[in-house]
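Read through the structure below, which is laid out as structure tokens, and then see the notes.
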Amino acid sequence: MHWSNYFIPTLREEPADAEVVSHKLLLRAGLIRQLGAGIYSYLPLAQRSVLKISNIIREEMNAVGAQEFYLPAIHPAEYWQESGRWSIMGDNMFRLKDRKGGDYCLGMTHEEVMTDIARHELRSYKQLPQVWYQIQSKFRDEPRPKSGLLRVRQFTMKDAYSFDIDQAGLDKSFDDQRHAYCRIFSRCGLEYVIVEADTGAMGGSASNEFMVYTNAGEDLVASCHECDYAANVEKAKSRIPAIDDGAAASAPEKFPTPGVRTIDDLVTFPGGAAADRQIKTLIYVSVAEKGNDARSTPFLALLRGDHPLNEVKLANAIAGLVNTDGWEQTAIRPAHAEEILELMGANAGSLGAVGFSKAWVIADEALRGRVNMTTGANEDDHHLRGVSVERDIKVTKWADIRSVAEGESCPNCDSGKLQVGKALEVGHIFKLGTKYSNSMGARVLNSDGKEVPVIMGCYGIGVERILAAAIEMHNDDAGIIFPITIAPFQIVVTPLNVRDAELKAVGDRIYSELHEAGIEVLYDDRDERAGVKLNDADLVGFPFQLRIGPKKLKEGKVEFYDRRTKQSEDLPADQAVKIAIDRIHDELNEGAHAPRVRNQPRLLE
RNA sequence: CGGGGCGUAGCACAGCCUGGUAGUGCGCUCGGUUUGGGACCGAGAGGUCGUAGGUUCGAAUCCUAUCGCCCCGACCA
């Protein structure tokens, strides 16, 4: 490929709209251009890289026996209505009508479509297991697209689905995928950590996320520095030291607290209490749907005063109470001030659950057994002290609803402390169980001749996120440093002045020989100054450069430059091709096998 | 959806407050000099000032509406 004729629109200046480093570099290096919010065109360099990533994924999927499909991106509404997700997905789903007024959507994911194929074609346990996958565009009308390719509205996903007869089969399929994912991310040059995760709208029993530590990430991961425990904070647990509450008071005692509105206020208020000896009372509203009906249900969430609420955990805890009689919780939100006053008869700042029974009360596990606590009296400007949680409060449900904090003890080992770091999700694997096979009727006969629902799993990878994550991880002031496995080209050959016939002739020869040898080589034959060409090559981040300049060529040498190590080395011009090929092969092999698991966050700046 | 910011040439921006000639740098075209880390000189091309309406003799500039994009909070690959 000749650069003079290849479309690589590099930018000298930083694009004003880009915030995160991968976004800036993808634009500057001429890989992507924006069409709309969260909608990007992939230019030739990006397309080459994405195809290489896709092929790595394809190879590893095939290696664990998965079979490649290609499903429609446009889905009739009925399938999503059957699974119940037509309403659950809400505004996140792109919807459209056909000429006859029929409802359709653009696929956000493909459980429904795959399950539809499975229920029509799978009849017997003898056909199982099946593992099906595809690499295809997904459409999600994100409320807030951002950060270049990190959060977009159209993206490419590898999505795989497994169908097994029993739990043991699912465990095997899940482990196969997990193994394949490790290989995929390692081969793509990512350092990642596997974490326990929330299942969210996907449903199911268990899930693992593959996370890349980066400050551009939007998730928080808690990990132990002693053992291999790691979890999304939406799921993470921790051990906390017991607190000495003293002897339980015989009964709660009301006392006036004029002007006290917050936990902190009460800490400093005379006769108040330390934050960890207070009960924080939050009012939330669960929003649920049933067909076209919707309803809002306010409820209480209780936490230790110094503990932050985790909304995902709370949503999961309350869902079990809300989801009855066909009602399906779609969201939770903090209650508005008027709703609080109506339910509690008091304003935020003086709320408490003692003697309260008008709504569900979800209490955090950390409050179990606590006595002598202080909380709002549910009367403006008054609090209660001497509260014994289990004696004085009617708790509907105990649950873990707090977020863990840095420095708390690992739930998995004796001595470890948790660290919390920002991370980007690049893959997510789920044990779905029978959620879709039940709702959509995918059943087979087992060996006893009995009809049973198929046990499913689903497994997703964001293809462009791998590209963006690799750039987030591998870059410097000069630009991208591509891992060779996903680089658009493996090497660039650069005669520093193409008007110099001698340099040009050597460049032509080296380029042809590399090309003949099957190396992915780009030939920078542009009539530009050396500085422009070298800066562009650094910016795009090809792993290697072969620079042909007049001084060294007089000595019969050319310069071999390693973008990652910044080391250059003079090679005899007549052996440069052979040596370069060896280097490229070495690098490719190393990339394919090096374990690249990282259990600890990078230090935050 | 709540909050903040921005829409002027391909890119980055100035001009707006205080209404009157459309401007700078980079990039692009042509000519010349230059050639190992984003050259220099000269001559050019290129803009419905996001869109619509209003105020005014006159609007990039003031007013109203609207669309779009970016960033901060609740969702996910």
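When reading the values below, keep in mind they use all heavy atoms of this one structure, side chains included, and skip hydrogens, waters and symmetry mates. Here is the naming used below: chain letters follow the sequence lines, and residue numbers restart at 1 for every chain.
- The distance between the ring centers of A/Y436 and A/Y79 does not fall below 6.0 angstrom.
- For a distance-only test at 3.5 Å, the side chain of A/R144 fails to qualify as a donor-acceptor partner of the base of B/rC76.
- The base of B/rG36 lies outside donor-acceptor range of the side chain of A/N497, with no N or O pair under 3.5 Å.
- Ion pairing between a basic and an acidic side chain is recognised when a charged N comes within 4.0 Å of a carboxylate O; A/K504 and A/D508 show such pairing.
- Ionic pairing of A/R85 and A/E111 is present here: one or more N-O contacts between side-chain nitrogen and carboxylate oxygen are shorter than 4.0 angstrom.
- Both A/R499 and A/G38 sit near RNA chain B, but only A/R499 has its closest nucleotide nearer the 5' end.
- Because its glycosidic torsion is more than 90° from 0, B/rU34 is reported here as anti.
- Rounded to a whole Å, the CG atom of A/D536 is 15 Å from the C1' atom of B/rG36.
- Taking 4.0 angstrom as the limit, A/K146 places a side-chain polar atom (N or O) nearer than this to OP1 or OP2 of B/rC72.
- Judged by distance alone, with hydrogens and angles left aside, the side-chain atoms of A/R465 form a donor-acceptor pair with the main-chain N or O of A/L150 at under 3.5 Å.
- For A/F139 and B/rA77, the CZ to C1' distance is 14 Å, given to the nearest whole Å.
- The cationic group of A/R563 does not satisfy the cation-pi geometry with A/F544, failing either the under 6.0 Å distance to the six-membered ring centre or the 45° limit from the ring axis.
- In this structure, A/V312 reaches the sugar-phosphate backbone alone: every heavy-atom distance under 4.0 Å involves primed, P, OP1 or OP2 atoms, never a base.
- The nearest heavy atom of RNA chain B to A/G427 and to A/K551 marks one nucleotide each, and the one closer to the 5' end goes with A/K551.
- A/D500 comes within contact range of no nucleotide atom at all, as no heavy-atom separation falls under 4.0 Å.
- Contact between the side-chain N/O atoms of A/Q34 and the OP1/OP2 oxygens of B/rG68 is not found at any separation under 4.0 Å.
- Here B/rC26 presents its P atom at 22 Å from CG of A/L27, a figure rounded to the nearest Å.
- Judged purely by atom type and a 3.5 angstrom limit, A/Q34 uses its side chain to pair as donor or acceptor with the backbone of A/G36.
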What string of B, S and - do you get for nucleotides 8-15 of chain B 5' to 3' if you count protein non-hydrogen atoms under 4.0 Å? ---BSS--
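- With B/rG37, B/rU35, B/rA77 as the candidates, the nucleotide lying closest to the side chain of A/R529 is B/rU35.
- Heavy atoms of A/R33 sit nowhere under 4.0 angstrom from any nucleic acid atom.
- The phosphate of B/rC76 (OP1 or OP2) has no side-chain N or O of A/R140 nearer than 4.0 angstrom.
- Between A/K138 and A/D159, at least one side-chain nitrogen of the basic residue sits less than 4.0 Å from a carboxylate oxygen of the acidic one, meeting the salt-bridge criterion.
- The partner of B/rG7 is B/rC67, judged by Watson-Crick or G-U wobble contacts that both fall below 3.5 Å.
- In the set B/rG38, B/rC70, B/rA77, the nucleotide with an atom closest to the side chain of A/Y40 is B/rC70.
- Two rings, from A/Y133 and A/F69, have their centers 6.0 Å or more apart.
- Between the base of B/rG25 and the side chain of A/R12 there is no donor-acceptor pair shorter than 3.5 Å.
- Note on A/G549: a base of the nucleic acid sits closer than 4.0 angstrom, heavy atoms only.
- As a whole-Å value, the separation of A/M93 CE from B/rC75 P is 18 Å.
- Here the side chain of A/E425 is nearest to one of B/rC75, B/rC76, B/rC70, namely B/rC76.
- For A/E559 and B/rG36, a side-chain-to-base donor-acceptor distance below 3.5 Å is present, hydrogens and geometry of angles not being considered.
- Going from atom CD of A/E19 over to atom P of B/rC72 covers 6 Å, rounded to whole Å.
- Between A/R333 and A/E311 there is no salt bridge, since no side-chain nitrogen of the basic residue lies less than 4.0 Å from a carboxylate oxygen of the acidic one.
- Pairing for B/rA22 is absent, judged as Watson-Crick or G-U wobble with the two contacts each under 3.5 Å.
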